[in-house]
Amino acid sequence: VKRADLIRVSVFLLAVVALFLLPRLPFVNDFRAQQFAYVGIYFIALLGLNLLTGITGQISLGHGAFMLIGGYTTAILMSDQELKLGSHVFASDMRDIWTIPLAGLVAGIVGFLFGFPALRLAGLYLALATFAVAVAAPAVVKKFHGFTGGGGGINLFDLSTRTQSTSVTDPVTFESRDLGIDILGITIPTFNEWLYYLCWTIALVMFGVAWVLLRGRFGRTLRAIRDSELAAASSGVNLARYKTLAFGVSAFYAGVAGSLLAIATTFVNPDTFPITLSIFLLVGVVVGGLGSLWPLVFGAIFIHFMQIEWAQRVEAIIPNWLPVLGDIDTDAPGAPAVAFGVILILIMLAFPAGAAGLLVSLKSLATRGYHRVR
Amino acid sequence: MSEFFQQVVAGLGDGAIYAALALALVLIHRATGVINFAQGEMAMFTTYIAWTLIENHGWSYWPAFVVTLAFAFVLGVGIQRVVIAPVSSASVLTIVIMTIGLVLTFNGLAGLIWSAEIRAFPSPFPNETWQLGDVSISQESVGTFAVVLVLVALLWAFFQFTKTGLALRASALNPDASRLVGVRVGWMLAIGWGLAAMLGAVAGMLAAPTVFLDPSMMQATLIYAFAAAVLGGIDSPFGAVAGGLLLGVGLNLIGNYVDFVGADLKLPVALLIILVVLLVRPAGLFGKPIARRV
């Protein structure tokens with residue numbers, strides 16, 4: 001075992017402890033716990049997309065479609081809305097968390113199969129085909145409404161049993177009081193905290209798996225394909241096998257993330273996985289740094305908080321004296337998209353390696369300064 | 001049988017719109033080897049400009065049409081110079097991400113400025129039909145078709161008979177040699193983006209009366225344009241036009257006569273066409289197959 005690896009593992013364990021304690025901190029309320037759970041979900045999806053796009057060099061503009069498959073797998077297995085496939089009627093067949101690996105598997109198999117036509121598509125054409133998949137997916141979902149609930153969507157939980165069972169309203173004072181769930185002797189007071197632990201436990205496991213996968217032969221092979229397919233093939237790499245595998249693994253990650261997203265929102269319909277989701281995932285990978293691993297957390301934080309909070313504060317950045325931009329209504333629906341778009345372009349122009357690249361250059365700057373002082 | 005002909009004419013009208021946008025994609029791809037994912041959103045944005053001129057400033061249709069084209073040209077040139085040129089030697093992924101950034105920016109800007117409200121857009125053609133025997137032909141479809149046809153002819157003449165057109169073709173074919181004989185290749189590429197943006201604006205303005213004006217109005221049309229461009233051959237301008245018309249007619253007929261597809265599954269059918277063409281004949285119907293040099 002190399003020393004560098006030991007350091008990495010211990011830093012990772014420290015991060016695990018920190019993540020475990022995070023919701024216990026006084027300033028992290030229930031609402032924040034939910035948001036951090038979403039960050040975990042995006043982190044998983046970004047790990048998957050990055051494995052395909054950043055490491056293997058295959059552009060996907062349609063990972064939202066794989067998330068859709070994962071999310072719908074979970075939703076259909078959990079629902080009791082009398083969804084039908086052939087003669088089978090789904091009636092709360094499975095409990096939530098057991099559907100997660102299954103959701104990943106279904107998405108992974110679809111991704112693996114999509115990898116075969118994708119073999120013939122290089123660069124731009126693959127981007128184009130995956131983009132078309134993501135745009136077309138909601139139409140397919142709406143068409144088979146007997147199986148998928150159509151545009152009306154699927155409620156995952158019989159709401160009273162889980163999301164609200166954890167709090168009761170006092171009959172006299174009307175104050176709501178949390179009861180909490182006990183798991184392994186630890187009391188988790190709210191649904192959102194449960195969600196946080198669920199998402200981050202899975203995220204950490206999947207991060208570990210990605211790290212192990214990519215540090216050895218498999219990762220080296222994928223990077224070789226990215227850098228030159230021709231050179232990789234002539235060194236004996238079976239392009240077809242590794243590219244389809246990369247597609248499958250990547251889609252597995254996206255499927256798990258989609259499943260968690262469905263559980264987090266407690267409801268899915270085609271609008272849960274719009275084309276913008278696929279695009280935001282790509283933005284997240286770029287912000288985190290193409291080909292990086294843990295810095296993708298920054299990408300996940302960026303795409304979540306940009307959507308829900310930061311974009312609404314664009315007004316603080318735009319000066320009022322500007323003739324047209326000054327009186328822009330930043331609550332209008334386009335604000336997050338503009339901010340996303342402009343930041344994406346600026347990052348590509350200024351820091352093409354994202355947060356990971358920034359960290360590397362800061363580090364080299366620091367060590368250079370250190371040597372100079374010595 | 002009369003319904004069949006009506007569907008074909010309606011398909012030609014839709015197809016003309018796909019053809020215009022597909023031609024825009026092909027123009028940029030030929031010159032720079034890039035697929036501009038923002039082509040649809042740029043078209044949507046310029047259509048809003050036309051809408052503002054007509055509705056808020058009381059312009060009549062055709063002056064607004066012309067001014068919008070001029071605006072689109074400037075927009076296209078500007079974008080190429082500011083956003084695309086700095087990364088022109090970077091990887092495909094970088095350039096794709098750039099155009100995705102443009103998609104988000106234009107989509108969001110339109111929402112910010114004009115809100116996401118769905119609006120009606122005037123059509124320059126009367127909402128009436130001509131009767132040919134028992135076939136009634138929509139004047140709007142014919143008008144749309146005619147506008148695109150005239151535009152394509154003008155564009156062809158521009159490329160064939162003007163010096164700038166020659167320079168544009170030269171810089172697409174061999175940038176280095178063109179630079180040596182004094183063509184300003186950078187600006188030629190920018191002009192190419194400008195022309196593409198103009199074509200997009202035409203597609204947007206012609207599509208808006210039927211799909212209505214909102215920030216996501218061109219998303220489906222863009223996919224159809226992709227399919228048309230791929231079908232005709234992504235490097236063939238003639239193929240883009242033919243592919244667009246073929247796709248318009250084909251989708252209309254399939255949507256009408258295949259019950260399972262209906263109106264809902266047209267988009268997945270277009271996706272299927274993209275995939276099948278790319279897998280079976282990647283050069284498209286009218287493109288030349290390219291051998292990859294090792």
Side-chain angles (χ1 to χ4, degrees), chain A residues 53-54 57-59 61 114 116-129 131-133 135-140 142-143 230 234 274-276 279-280 282-283 285-286 290 311 314 324-325 328-330 332-349 352, chain B residues 29 33-35 37-38 41 82-83 86-87 90-98 100-116 215-216 219-220 222-223 226-227 229-230 234 260-262 264-276 278-280 282 292 294:
Chain A
T53 300
Q58 311 296 306
I59 307 173
L61 289 174
F114 186 79
F116 284 98
L119 282 176
R120 308 257 323 247
L121 309 177
L124 275 176
Y125 293 101
L126 185 61
L128 214 155
F131 185 72
V133 168
V135 174
V140 178
K142 281 178 193 155
K143 177 74 184 176
L230 208 65
S234 43
I275 176 70
T276 40
I279 292 177
F280 287 168
L282 191 70
V283 177
V285 170
V286 172
L290 284 159
V314 193
V324 186
L325 296 170
I328 271 177
D329 172 18
T330 45
V338 177
F340 265 121
V342 172
I343 289 173
L344 185 63
I345 291 171
L346 290 180
I347 287 179
M348 282 321 273
L349 287 176
Chain B
H29 188 263
V34 178
I35 289 178
F37 284 88
E41 301 310 277
V82 176
V83 180
V87 295
S91 69
V92 171
L93 179 62
T94 307
I95 300 174
V96 168
I97 291 171
M98 278 304 202
I100 290 292
L102 290 173
V103 169
L104 292 171
T105 310
F106 280 115
N107 190 289
L109 267 184
L112 272 181
I113 301 175
W114 292 287
S115 90
S216 58
Q219 272 178 11
L222 182 67
I223 298 293
F226 279 150
V230 167
I234 194 95
F260 177 74
V261 175
D264 316 331
L265 285 190
K266 274 190 188 175
L267 210 53
V269 168
L271 163 68
L272 210 64
I273 292 173
I274 293 179
L275 280 180
V276 169
L278 285 179
L279 294 178
V280 177
R292 203 164 23 150
V294 174

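Just so we're on the same page: letters track the sequence lines, and every chain starts at 1. Not measured: the values here are computed from a predicted model.
Interface remark: B:Ile274 contributes side-chain atoms only to the contact with chain A (heavy atom separation under 4.5 Å). Neither the backbone nor the side chain of A:Leu119 comes within less than 4.5 Å of any heavy atom of chain B. Heavy atoms of A:Leu282 lying under 4.5 Å from chain B belong exclusively to its side chain. Interface remark: B:Leu279 contributes backbone and side-chain atoms alike to the contact with chain A (heavy atom separation under 4.5 Å). Proximity to chain B (any heavy atom under 4.5 Å) is restricted, for A:Val283, to the side chain, taken from C-beta onward. For chain B, no part of A:Ile343 is nearby; none of its heavy atoms comes within less than 4.5 Å. Neither the backbone nor the side chain of A:Ile347 comes within contact range of chain B; no heavy atom of the residue lies under 4.5 Å from a heavy atom of that chain. For B:Ile97, the parts sitting under 4.5 Å from any heavy atom of chain A are the backbone and the side chain alike. Neither the backbone nor the side chain of A:Lys142 comes within contact range of chain B; no heavy atom of the residue lies under 4.5 Å from a heavy atom of that chain. Of the two parts of A:Val286, only the side chain, counted from C-beta on, holds a non-hydrogen atom closer than 4.5 Å to a non-hydrogen atom of chain B.
Evaluated for a side-chain contact (heavy atoms from CB on, under 4.5 Å) with A:Leu124, the options B:Ile95, B:Val92, B:Leu93 yield exactly one hit, B:Val92.
Of all non-hydrogen atoms in A:Ala132 and B:Ile223, the two that sit nearest each other are CA-CD1, 3.8 Å.
Atoms OG1 and CG, on B:Thr105 and A:Leu344 in that order, are 8.0 Å from each other to the nearest 0.5 Å.
Options A:Val140, A:Leu128, A:Val342 differ in how many heavy-atom pairs under 4.5 Å they form with chain B, and the most are formed by A:Leu128.
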Quick one: do A:Val135 and B:Leu222 satisfy side chain to side chain contact (heavy atoms under 4.5 Å, CB included)? Show the steps, please.
-> CA-CA 10 Å; A:Val135 174; B:Leu222 182 67; over 6 Å; no

Chi angles and distances behind the side chain to side chain contact (heavy atoms under 4.5 Å, CB included) call for A:Leu61, B:Val96 = CA-CA 10 Å; A:Leu61 289 174; B:Val96 168; 4.1 Å; yes

